[in-house]
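Take a look at the structure below.
Lettering follows sequence order; numbering is per chain, from 1.
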Amino acid sequence: MDQAPYVSSPSDKSADAPVRQAGKKPIVTPMMAQFFEIKAVNPGYLLFYRMGDFYELFFEDAEIASGALGIVLTTRGKHLGKEIPMCGVPVHAAQDYLKKLIRLGHRVAICEQLEDPAEAKKRGSKSVVKRDVVRLVTPGTLTEDDLLPAGTNNFLGALSMISHGEFDFALAWADISTGETFVVDLGENRLADELARLNLAELILAPATEQKLGESKILPEGLVRHVAMAAPETFDSEEATASLKSAFPQIEVTGFTRAARSALGALIAYVAETQKTASISLRAPEVQTATGLMQIDLATRTSLEILATNRGEAKGSLRHTIDRTVTTAGARLLARRLSAPLIVPDHINKRLDMVETFVADTIARETLREHLRQTPDLTRPLTRLALERGGPRDLVHVGFAINSARQLAEKLAGMDDLPAGLVELAQVLDAAPGELAVRIKSAIEPSPSVLVRDGGFVREGFDAELDEQRGLATKSRTVISELQAALASQTDIRALKIKHNRVLGFFVEVPATHGKKLLDEPFLNKFIHRQTMANAMRFTTAELGELEGRIVRAQGRALEIEQVIFDRLLGQVL
DNA sequence: ACAGCTTCGGGGACCT
DNA sequence: AGGTCCCCTAAGCTGT
């Protein structure tokens, strides 16, 4: 079994070390005290500690991450007389690094600044900004598209064990990027087969279960990619039942066995712990009865090469060979069905009737395939939106998906001799909330930014004040180009240009040969020197500063309005 | 294409 | 206590 790398942190020893030595200056700086405190409650995670524009890693975390990511290992300050190893990544580029670390099997705790630095200053000049972990990123709890595999589910599982002479097991699993949740009761003999079928990204175990599995060698090496050790209480049937009840108030918990409740409870607790404040959105668990699906033992599964070849490659597997799906959701469904074939004749016939319809009707098949090809994945955008990690593009995809579902329903309904399965499907699809799609379409640009904070995603004409603010920003830009002409003629420098970059904002640039002129009367007071380059000099003026301020304010207000519009639509989606 | 500087936002050391 | 100066990743400029 491949254990996730465990990071033993220096915090274990130092967390409660005295901050001051009697009469001497502090030996642990306030920031390090905060770091150790946060580190101590998240053992086993690399701590991404937010400092301004960077996520910083310290001590062993820094050594591990710098090696794994190929970034520079440096130092920052001292702790107990020794230099503190540090490495860091800029926040805007953190996603790529996070992806690499997760791929390598590391687990990462994201620690953010929870207040404005000005607030901290108010508490005293030596206080540090309040920080805490907002999310734990593990292989089984990903929601970001570029961290997730496209064509397969990313399953997180929890295995419970109940001993009464013999051992009863239950396995609960969920894809938190889609919300699908399942549970099954298992005997010891079927454990390996079931885990092989599901190919979990991460499995949660209580220490006793891990020990038992290790001793009895029930599971072959490498079957479980990453193990997360959970506190035994989360599997405890009372606590588990409580978390189950609060996660799914609508379902009857007594319908599950004790082992199933235990596994589900631990799964829910783990999701809640890793997602912190973000609301979890798992769907009601579906009980997988062993009777409806074919049991395939591990050896058979491996030699059938259903999802992967014996060597573990996708290429050459059954799935890879026959997969003609056109959507990622379709690819995931195909993988699931191939892994667990039906065995009940009625179910098989119902599915075959649906297949037959499309085998016979080439035109309908091609029309629907073409239609599906243009349908975005709905489940993952929805989950991101629910976890407050979604953006305008997710909203648009939800709208597209709704329209697409309704059109699909229409196309199905227009076909003759529809089998029962497809009639049911058409009904489900037709129930999609079309009005919501209309609202999204009327408010949001067809291909908007991914992030809300980038702005510019609300359509022109949707909100009068937004249009007005955008107009102000545009108008100020026109004024700036007029200003350039005016300044060029006033100074008699034809090469005078007004430019913009992220550092200086708007500035006046003149060739070096003319620069000196602006440093003297009569321009001395008007042009404020900012930068001298090899071939040019850069200045700002009060007027330019004011225009820039106007643009910045208008853009800021516009963004606020867009945020409100986004939040309102988000409320209607969820 | 590439070297070298600057940026971001914090914390800390060392002053008064 | 408060002010000033210095420091530090990766990345993105600027200048050659």
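- Side-chain N/O atoms of A/Thr138 and A/Arg107 include no donor and acceptor closer than 3.5 Å.
- When rounded to the nearest whole Å, the span between CZ of A/Arg50 and C1' of C/dT9 equals 14 Å.
- Distances shorter than 4.0 Å separate none of the side-chain N or O atoms of A/Thr29 from OP1 or OP2 on B/dG11.
- In this structure, A/Arg131 reaches the B/dG11 phosphate: one of its side-chain N or O atoms is under 4.0 Å from OP1 or OP2.
- The CD atom of A/Glu112 sits 15 Å away from the P atom of B/dG9 (whole-angstrom rounding).
- Listed by chain and number, the residues in a salt bridge (charged side-chain N to carboxylate O under 4.0 Å, His left out) with A/Glu115 are A/Arg123 (sequence neighbours excluded).
- Contacts of A/Val91 with the nucleic acid, taken as non-hydrogen atoms under 4.0 Å apart, are absent.
- Taking every side-chain heavy atom of A/Tyr97 into account, C/dA10 is the closest of C/dA10, B/dC8, B/dG12.
- The side-chain ring of A/Phe54 is not stacked on the base of C/dC8, judged by centre separation under 5.5 angstrom and plane angle under 30 degrees.
- Between A/Glu83 atom CD and C/dC7 atom C1' the separation is 12 Å, expressed in whole Å.
- For the pair A/Met31 CE and C/dC8 P, the computed distance is 14 Å after rounding to whole Å.
- Of all nucleotides listed (B/dG10, C/dT9, C/dA11), B/dG10 comes nearest to the side chain of A/Pro117.
- For the pair A/Gly52 and A/Gly77, nearest-nucleotide mapping onto DNA chain B gives the more 5' position to A/Gly52.
- Screening residues 558-574 of chain A for side chain to side chain donor-acceptor pair (under 3.5 Å) gives A/Arg439-A/Gln572, A/Arg470-A/Glu562, A/Arg557-A/Glu560, A/Gln563-A/Asp567 as the qualifying pairs, with residues at least two apart or on separate chains.
- Between A/Phe59 and A/Phe36, the ring center distance clears the sub-6.0 Å criterion.
- Following rounding to the nearest Å, A/Glu115 (CD) and B/dG10 (P) show an atom-to-atom distance of 10 Å.
- Taking atom CZ of A/Arg76 as the reference point, atom P of B/dA13 lies 10 Å away to the nearest angstrom.
- Residues A/Tyr49 and A/Tyr55 keep their aromatic ring centres 6.0 Å or farther apart.
- Among the nucleotides B/dG11, C/dA11, C/dT9, the one closest to any side-chain atom of A/Pro90 is C/dA11.
- Regarding A/Lys78, its NZ atom lies at a distance of 10 Å from the P atom of B/dA13, rounded to whole Å.
- When distances run from any side-chain atom of A/Val72 to the nucleotides C/dA11, C/dT9, B/dG10, the shortest one goes to C/dT9.
- One interatomic measurement links the two molecules: CG of A/Asp53 to P of B/dG9, which rounds to 6 Å at whole-angstrom precision.
- A/Gln113 has a side-chain polar atom (N or O) that falls below the 4.0 Å cut-off from OP1 or OP2 of B/dG10.
- A/Thr75 comes within 4.0 angstrom of sugar-phosphate atoms only, judged by non-hydrogen atoms across all strands, and of no base.
- Considering only side-chain N and O atoms, A/Thr74 lies nowhere under 4.0 angstrom from the phosphate OP1 or OP2 of C/dC8.
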